[in-house]
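Here the structure is laid out as C-alpha cells; the discussion comes afterwards.
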Amino acid sequence: MTGMPSHVTIRDVSLRDGLQIEEPIPLSAKLELLAAVVATGVSEVEVTAFVSPSKVPALADAAELAAELQPYRESHGINFSALVASSKGAVRAVAAGLRSIEYVVSAADGHSLANVGRTTAQATTLIDEIVTIAHDNDACAEVIIATAWDCPFDGPTPRAQVARIAEVACSAGADRVAIADTIGTATPLRVAALIEALRPILGDVPLGAHFHNTRGTGLASAYAAVAAGITRLDASAGGLGGCPFAPGASGNIATEDLVYLLRDCGVHVDVDLEAAISAAEMAQRVVGHTLPGALLRAGDR
C-alpha cells in the first residue's frame, strides 16, 4: 500500500445523482435521507441539481431543499454543492444559497446532446461564464467532465477531448476538476492513464473522480484512482443512482463499500462505516426498491 494517500474525502451524491433517475419522492423523504447521510460524518454532500424540472423531475424541488440546509451547515460544517448544466442553473443555485456548484461538461457529443442539448464544444464555451457567476457570489466552481472514458452513443472518448475541457476549466479559474465514468466502463489501467495525462494540465487544481459500478469495476477503478493520487471521490448510499441520459448507466459506487475498502488499505476517511450502512438502509426505504451495495446486504465483517 505504499504511495497511497493518508486521507480521502468522500462526497456523498445520494440526493442528486442517487435520486435523479428515481420517481420523484416527497421533500420530507429527502430530508430523512439527508439526515442519515449527515450522520455518517461526511463533510461534502452533493444535494441537488438546478436543471430543467421537465428533464429531471425528481430534482424539481431543488430550491425548496436548499432552503433546509442551513442547520446542517451550522451544526456539522458540511459543504453542500449542487450540479448545474447552464448559466441559468448557476444563477439559480447561488441565489438559493449554494456556495459550491458543479458544472458538468460531457466530453462526448452524443451524450452532451442527449444530456443538455449542446455539443461538447458549445458546453465548453460556457465554462468561463459559469465560473465567473460562482466567483462573483463567493462560491466554489468545479467542472465535472462526464463520459471521460466512454460514451453510450459515441464509444470510447479520445483522451485529447478530456484534456481540452480540463485546459479550458483551468484557464477559466475553476477551483476543482473531476472526471466521471458516467456509464461504468472504466477499468484500473485506463483510470491511471487518464489521470497521468491530466496532471500536467491541471497543475495545482485538485482532481476528483466519480465512478459508476455498472460493470462491476467501480471499486477497482476507485482504488486505481486513489493509488494514482486522487484524494476526492464521489459515492452514494447503497450504490443508489445512475444517469437518465446514458442508456444502461446504473448506480454509483456505494459509500459504505468504498469506506470498507479504503479503511482496510490504511486510508483515512471521515465517514463512519456503520452509519454509512444505516444511510444505505434509509436510501433503500425511501426509493422503495433493493439497492446494489454489497455491505448493505452483508454488513461489516
Would you please say whether a donor-acceptor pair under 3.5 Å links the side chains of [X] and [Y]?
X      : Y      : result
Ser112 : Thr119 : no
Glu129 : Ser87  : yes
Asp270 : His268 : yes
Thr40  : Asp272 : no
His210 : Asp181 : no

> Are the side chain of Asp175 and the backbone N or O of Ala141 linked by a donor-acceptor pair below 3.5 Å?
Replying inline: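 Here the side-chain-to-backbone pair exists.
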> Ignoring hydrogens and geometry, is there a side-chain-to-backbone donor-acceptor pair from Asp12 to Ser236 under 3.5 Å?
Replying inline: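 No, Asp12 side chain to Ser236 backbone: no donor-acceptor pair under 3.5 Å.
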Solution key, residues 62-73 side-chain donor-acceptor pairs under 3.5 Å, sequence neighbours excluded:
residue	atom	partner	partner atom	Å
Gln70	OE1	Arg73	NH1	3.0
Gln70	NE2	Glu74	OE2	3.3
Arg73	NH2	Gly97	O	3.3

>> Just to verify, which of Ile165, Leu207, Thr124, Val105 counts as forming a side-chain contact (heavy atoms from CB on, under 4.5 Å) with Ile145?
In response: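 The passing option is Ile165.
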> Step by step, would you call Asp234 with Arg16 a salt bridge (Lys or Arg N to Asp or Glu O under 4.0 Å)?
Replying inline: CA-CA 11 Å; Asp234 291 349; Arg16 197 283 299 178; over 6 Å; no
> What distance do Met4 atom CE and Cys265 atom SG have between them, rounded to the nearest 0.5 Å?
Replying inline: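 The distance works out to 4.5 Å.
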> Applying the side chain to side chain donor-acceptor pair (under 3.5 Å) test to Ser106, which of Asn115, Asp154, Thr147 qualifies?
Replying inline: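 The residue from Asn115, Asp154, Thr147 that satisfies side chain to side chain donor-acceptor pair (under 3.5 Å) with Ser106 turns out to be Thr147.
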> Under the salt bridge (Lys or Arg N to Asp or Glu O under 4.0 Å) criterion, do Glu44 and Arg176 qualify, and how do the steps go?
Replying inline: CA-CA 14 Å; Glu44 297 188 17; Arg176 300 193 293 213; 3.6 Å; yes
